[in-house]
Amino acid sequence: MNNTLDTIMNHRSIRKFKDEKLTKEQIHTIVKAAQQASTSSYIMAYTIVGITDEDIKMKLSEVSGQPYVKDNGHLFVFCADLNRINQQATSELQEKMQASIESTEKFIVATVDTALAAQNAVIAAESMGLGVCYLGSLRNNISRVNDILELPEHVIPLFGLALGYPDEQPEKKPRLPLDVVYHENTYANDEQQRSKINDFDQQLKEYYKNRKTNTRIDTWSEQMIRKYSKTIRMDVTQFVKDKKLNKR
Ligand SMILES: Cc1cc2nc3c(=O)[nH]c(=O)nc-3n(C[C@H](O)[C@H](O)[C@H](O)COP(=O)(O)O)c2cc1C
């Protein structure tokens, strides 16, 4: 192990932060680390919006329904951004690029780029002794977040990231067995896989039963099937198309 691996392997989401703001220097270090992530064709198809206005934080917290969206050391909103390259072109060239910018392929490029930058930010923050929590909950009302942040065409808010000094020490959450997520050469869709996931379900049941807070009786399989048996945030599909992304 080394320090980088220690940081990565010690990850757990933090949802309770001390009342201490990050300094501008800390914020800039984290953003610079995000920027150093690999990026498809050098496009850097993301914008990170840092929220320093308490009123905006409050509004975003209302969208998410989660108190740690406002009670933290800093809040980022990670946006997939194909607006920037459009801005650089004349209207004639914009027309030429339209089909490409609106394609599913470029939508994938932008969302992957954004996620890579975000995870670099997470590792940087955790290496600095900070805790983080990703916030997909901002998509509970994606149009509202879009309006609050005044995002232009071709830019969508993907998720938030709350950061700060941890005021809780949750246990590490178990992960699926390595050979369930790592297959060699071809996809291993066999009975063995299912039995390994069944074993993991039993391990997770013990974890949920024995952890310090929020104990419950649950398994990974039951949790996933329960979640995916109902649709949520179906407005996101139309929202993305209205922002002129993932249209063709
Ligand atoms: C893109 C993304 C969105 C997430 N959204 C939320 C969220 O809205 N609220 C929350 O409490 N946790 C959120 N999480 C955190 C996950 O629940 C958490 O990473 C997962 O349960 C594993 O737990 P761990 O991070 O403590 O290991 C999100 C994680 C990711 C990657």
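As the structure lists them, so they are numbered: ligands from 1, and atoms in each ligand from 1.
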How far is atom 23 (O) of ligand 1 from the closest protein heavy atom, and which atom is that? Lys173 CD, 3.4 Å
Any idea which protein heavy atom is nearest atom 9 (N) of ligand 1, and the distance to it? Gln66 NE2, 3.0 Å
Proximal ligand 1 atoms for Ser137, defined as those under 4.0 Å from one of its heavy atoms: 8 (O)
Return the option from Ala115, Ala118, Gly136 holding the heavy atom at the smallest distance from atom 3 (C) of ligand 1. Gly136
May I ask you to check whether Arg12 has an N/O atom sitting below 3.5 Å from an N/O atom of ligand 1? no
Do Ile123 and Leu130 sit in the same hydrophobic cluster, where Ile, Leu, Val, Met, Phe, Trp and Tyr count as joined when their side-chain heavy atoms come under 4.5 Å apart? no
Considering the heavy atoms of Arg15, write down every atom of ligand 1 situated less than 4.0 Å from one of them. 10 (C), 11 (O), 12 (N), 15 (C), 16 (C), 17 (O)
Would the distance check show the side chain of Asn72 and the main-chain N or O of Val69 forming a donor-acceptor pair, the cut-off being under 3.5 Å? yes
Under 4.0 Å, counting heavy atoms only: does Lys172 come that close to any atom of ligand 1? no
Closest non-hydrogen protein atom to atom 26 (O) of ligand 1, residue and atom name please, with distance? Ser13 N, 2.7 Å
If you compare Tyr134, Tyr68, Phe159 by their heavy atoms, the one closest to atom 13 (C) of ligand 1 turns out to be Tyr134
Sub-3.5 Å donor-acceptor pair from the side chain of Lys106 to the main-chain atoms of Leu82, do we have one? no
Closer than 4.0 Å to some heavy atom of Leu135 - which atoms of ligand 1 meet that? 5 (N), 6 (C), 7 (C), 8 (O)
Begin with the C-alpha distance, continue with both residues' side-chain angles, and end with the deciding distance and a verdict on salt bridge (charged side-chain N to carboxylate O under 4.0 Å, His left out) for Lys209 and Glu206. CA-CA 5 Å; Lys209 201 168 80 182; Glu206 289 302 305; 3.5 Å; yes
Flag yes if Tyr134 and Leu60 sit in one hydrophobic cluster, no otherwise; membership is Ile, Leu, Val, Met, Phe, Trp, Tyr, and two members link when side-chain heavy atoms are under 4.5 Å apart. no
Any donor and acceptor pair, going by atom type alone, linking the side chain of Ser103 with main-chain N or O of Lys247 inside 3.5 Å? no
So which heavy atom in the protein is nearest atom 22 (C) of ligand 1, and how far is it from that ligand atom? Arg175 NH1, 3.7 Å
Is the closest side-chain donor-acceptor distance between Gln193 and Asn189 under 3.5 Å? no
N/O donor-acceptor pair under 3.5 Å between Asp113 side chain and Thr39 backbone: no
Under 4.0 Å from one or more heavy atoms of Cys133, ligand 1 contributes atoms 10 (C), 11 (O), 12 (N)
